[in-house]
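The structure appears below as structure tokens.
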Amino acid sequence: MSHADLLSDLNEPQRQAVTHREGPMLILAGAGSGKTRTITYRIAHLIQQDPALAGRILAVTFTNKAAEEMKGRVISLLPPLQASPLVCTFHSFAVRVLRRYAQRVGYRADFTICDTDDQKRVYRTIYREMGLKDKELPARMVRSVISRAKNQGWGPREFLKNARSMDDEDIARVFDHYQRYMQASNAVDFDDLILLTVKLLRQHEDVRFRYSDWFRFLLIDEYQDTNKPQYDLIRNLTELHSNVCAVGDEDQSIYGFRGADINNILRFEKDYPGTRLIKLEQNYRSTQVILDAAGAVVANNLSRKGKTLWTESKGGRKIELFVAPSAKNEAGWVCDKIEECLGWGEEHLAVLYRTNFMSREFEEALRQRRIPYRLVGGVSFYSRKEVKDALAYLRLAINRSDNVSFLRIVNEPARGIGRTTLERLQKIASRRDLNLGEALSLALREHLLPGRAHKALQRFSELMDECESHLDLAFHLCLDKILESSGYRTALREEGTEEADNRLLNLDELINVAREASQRGATMQSFLDEAALRADTDEYDAKAAVTLMTLHNAKGLEFSTIFLVGCEEGLFPHQRAIQENDVEEERRLCYVGLTRAQRKIHLSYSRMRRFFGRDSHESNQPSRFLNELPTELVEAVHSPSWSPGSDHRRDSSFLPSWNEPPVVQRRPQPKAFAGITRNSKKSVQQFLDNLPRTSKPGAQPGQIVKGGTVEHPKYGRGRVLHVQDMGKDSKVTVQFPGLGIKKLIQSYARLRPV
DNA sequence: TTCAGAAGGATTTTT
DNA sequence: TCCTTCTGAA
């Protein structure tokens, strides 16, 4: 592509931004104004001007997805390059730097990266060591407080200085213990990655010089989402050349919960004197209706400078709002509409929701109708137990001081190393200031533990030595060997359940991924890093026209039609945000959601929704954001099974008929249930025994129903706890006496009702 | 030490 | 409902 071509795709302000030569630049861009396009083109343009610069450009994003997309686009704009620009997330950049210089900040280069799941384990261990009870000091809360403190740049000492309550003192102790534990394990968490990099750059002038000299151009996407450590990182990197280009939109700041500080963008011009400010206000994505709606909602926020987006595509289709009596009905309506859209040949549809758990209802509905979809987020491949276990073996083989991985796999599969043994080992470790691996060798050498435990530990120690010896192999082979010799696979094979089979398949898949990575020339370390930093995106069907994801995940993307579902008070805005008085961020989230749409928005909410497997007893109120939409842009649609009424509690001048009388209350449970506690099995069994076998309305005699009994060829007779319809098959949850609860696919398990 | 069953608590949002 | 933790029996 020639130079002129590149620029001819752009409007005037975009062109100015792309061709800006030296010095700091701040691009304030609205939704759909070609923000990403502008920085992508800028990168391409810089390289066109001077190909030698390519490797000295650094572009930082927040998500892997954004980084991948940007990299792909830059490459497509340019002829093949010798050096390519570095496009990556803050975290992967930090890992890159730290792998080289970790020892300067007190870690070894083979440090382990702990994800949230690992972190939880660490807290559990610490709580046990410190004799703390989760009930008295909820670990969840402590984790978030500590993470927030870290993201403010505080260590345990600073935190203690600012302590406000009794709890804070305990938290400071946990904080201190946690950091020391992690350091002893040569492990870092996500927060540490950035913090340590900042510390490194701050304290070591040569390193700072090296990076800030090398990267001549720095570009940061979504600057409004940077938190303090990320800000510090950028400051350090731009010490020599202030060729920094930040792109952001104050209205799209939705990461306050992890410390994103909107002030970073507001003070940019002060931080970098001589900043060139460019505003992109023309929207290329959406219709005027959509922009007006989104603008009207976000206008209710007090803390914003305010801007008006405009578009050349006037008018547009009204927003449709559907009020469903139940979540199932809501999903059904969404599917109807999706089928309609697909019928017209639309290809980019998205169902957006506030919290991940909402995906289930929609997945089920889509699957039943055989509509292919793609789910982004949720439980990813890399966070499955078996995958994490397998990776923990590798990590421990590389980094023998990694206590986190040690604890994860020392008795996985069960090899006779129980709680007591581990507690003793941990005592030895803490008394002599050793990590668990060292404590293990010591205990073996000096026979500190009783015979049986000693033998079990001996075997484990030999196993780890063997694993370490496999490290010379290509790492997919190494992984394969480890899974065999550790007995991990054997244990799963012996289990013989369907779940175990799936786990085995996942392990095969992991080996495939590893093989591909190793053939690409990746090192084992980089393979593990990638796995740790990629906590997202599970793509079930990459070609599917329908995408399901959270609003947060949707940032930066666009779709022709969107469905913003679950617009209920308490869900969106989330209850927590309402309590903590932070509805403005939720509103920005709403803005982000609405502005993803190019042509058409569907909104919906359900008056009834199941939480924790239980129906909400009160009728849900519509989200306040619905009330903030200009009525003339919205067209209300009702469920046929529901007739509109009026609600006297609200001013009916807005939302003409959306506030309807409460749904008929769920009938209180019959008295007969009252004496049955959930777990008193006998009485439940008695109760179930007295139920007619086909207790479900519409069930055929001989059909498998909840509360009935079934026969399984291998496990024998069991009680049906739950039947989930999946179209052709059903997922049946059965309790087999003595075998526990199993989940089976009906046709596969050949269940027979008795 | 291990396992099944009982009990109780949990759902923001991302790297 | 689903997941983790606790408890007691083998």
Side-chain angles (χ1 to χ4, degrees), chain A residues 61-67 88-95 113-116 119-121 124 127-128 133-135 138-140 144 147 151 188-194 222 225 227 229-230 254-260 352-360 376-377 379-380 385 411 413-422 452-453 456 529 532-537 549-555 566 570-580 582 585-586 588-589 592-593 609-615 677-682 684 721-722 724 733 735-741 743:
Chain A
T61 64
F62 279 80
T63 62
N64 292 311
K65 212 173 10 173
C88 62
T89 65
F90 274 99
H91 290 85
S92 51
F93 176 73
V95 171
I113 303 166
C114 287
D115 64 13
T116 319
Q119 227 182 1
K120 281 184 199 158
R121 288 165 172 271
R124 224 175 289 157
Y127 265 49
R128 210 165 274 161
K133 287 268 174 291
D134 192 80
K135 264 186 207 143
R140 258 180 62 77
S144 83
S147 171
N151 281 326
V188 299
D189 63 24
F190 288 144
D191 298 329
D192 291 334
L193 284 175
I194 313 279
E222 312 282 13
D225 286 334
N227 61 20
Q230 287 161 337
I254 54 174
Y255 285 107
F257 66 89
R258 69 170 181 206
L352 307 180
Y353 36 81
R354 177 65 232 270
T355 63
N356 273 311
F357 86 100
M358 289 195 51
S359 68
R360 248 196 49 212
V376 178
V379 179
S380 88
K385 181 182 183 304
N411 201 30
R415 44 172 80 88
I417 304 172
R419 258 238 334 254
T420 331
T421 310
L422 279 179
R452 208 160 101 187
D529 287 347
L533 292 177
R534 168 169 327 215
D536 65 338
T537 51
M549 64 177 122
T550 62
L551 287 160
H552 283 87
N553 266 315
K555 181 143 92 161
L571 196 57
F572 186 41
H574 195 273
Q575 192 57 42
R576 199 80 138 238
I578 298 174
Q579 273 161 14
E580 281 159 26
D582 201 9
E585 179 151 319
E586 300 280 303
R588 288 193 290 270
L589 197 53
V592 169
R609 194 176 292 284
R610 287 166 82 77
F611 286 103
F612 308 137
R614 225 167 255 177
D615 283 341
T677 64
R678 194 146 41 93
N679 289 317
S680 71
K681 196 177 150 197
K682 238 188 210 161
V684 170
L721 299 180
H722 185 66
Q724 186 189 354
T733 314
Q735 176 149 38
F736 295 99
L739 283 170
I741 294 170
K743 285 183 184 167

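Values in this document were obtained by computation on a predicted structure and should not be read as measured data. Proteins get letters first, then strands, A, B, ... in listed order; numbering begins at 1 in each.
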| Picking from dT2(B), dT1(B), dT13(B), which would you name as closest to the side chain of Ala414(A)? | dT2(B)
| query | Does Asn227(A) have a side-chain nitrogen or oxygen under 4.0 Å from the phosphate oxygens OP1 or OP2 of dT15(B)? | reply | no
| remark: Per nearest nucleotide of DNA chain B, the residue lying toward the 5' end, Glu580(A) or Thr89(A), is Glu580(A)
| Should Arg576(A) be listed as having a side-chain N or O under 4.0 Å from OP1 or OP2 of dT12(B)? | yes
| field | Validation row: Thr421(A), Asn411(A) side chains within 4.5 angstrom (heavy atoms) | value | no
| request: Quickly work out the Lys120(A) NZ to dT4(C) C1' distance and round it to whole Å. | output: 10 Å
| query | Any stacking of Phe62(A) on dT14(B), going by centres under 5.5 angstrom and planes within less than 30 degrees? | reply | no
| said: Below the 4.0 Å mark, does dT14(B) have OP1 or OP2 next to a side-chain nitrogen or oxygen of Asn553(A)? | reply: yes
| Rounded interatomic separation in angstrom, taking CZ from Phe90(A) and C1' from dT15(B) | 11 Å
| field | Protein-nucleotide distance (Lys133(A), atom NZ; dT5(C), atom P), rounded to Å | value | 12 Å
| Atom CZ of Arg121(A) and atom C1' of dT5(C): how far apart are they, to the nearest Å? | 14 Å
| request: Compare side-chain N and O positions of Arg140(A) against OP1 and OP2 of dT11(B) and report whether any pair is under 4.0 Å apart. | output: yes
| Of Thr550(A) and Phe357(A), whose closest DNA chain B nucleotide lies nearer the 5' terminus? | Phe357(A)
| Integer-rounded Å distance: dT13(B) C1' and Asn151(A) CG | 15 Å
| field | For Phe90(A), the option from Phe190(A), Phe62(A), Tyr255(A) that meets ring-ring contact (aromatic ring centres under 6.0 Å, His included) | value | Phe62(A)
| field | Side-chain (Gln579(A)) to main-chain (Arg576(A)) donor-acceptor, under 3.5 angstrom | value | no
| task | Measure the spacing between CG of Leu533(A) and CD1 of Ile113(A) and express it to the nearest 0.5 Å. | result | 4.5 Å
| said: Expressed as a whole number of angstroms, how long is the span from Ile417(A):CD1 to dT2(B):P? | reply: 9 Å
| Which heavy atom in Ala260(A) sits nearest to a heavy atom in Asp225(A), and how many Å separate them? | CB-O, 3.4 Å
| Of all the choices, dT1(B), dT11(B), dT14(B), which nucleotide is nearest to the side chain of Arg258(A) once you look at every atom? | dT14(B)
| task | Whole angstrom is fine here: how far is it from CG in Asn356(A) over to P in dT12(B)? | result | 11 Å
| Ring centre gap for Phe257(A) and His552(A) strictly below 6.0 Å | yes
| Which part of the nucleic acid does Thr420(A) contact within heavy-atom distance under 4.0 Å: base, sugar-phosphate only, or nothing? | sugar-phosphate
| query | Under 5.5 Å between ring centres and under 30° between planes: does that hold for His574(A) against the base of dT12(B)? | reply | yes
| At under 4.0 Å between heavy atoms, what does Asp191(A) touch on the DNA or RNA strands: base, sugar-phosphate, or nothing? | nothing
| query | Are any of Arg124(A)'s side-chain N or O atoms less than 4.0 Å away from OP1 or OP2 of dT5(C)? | reply | yes
| query | Under 4.0 Å between a side-chain N/O of Thr116(A) and OP1 or OP2 of dT14(B), yes or no? | reply | no
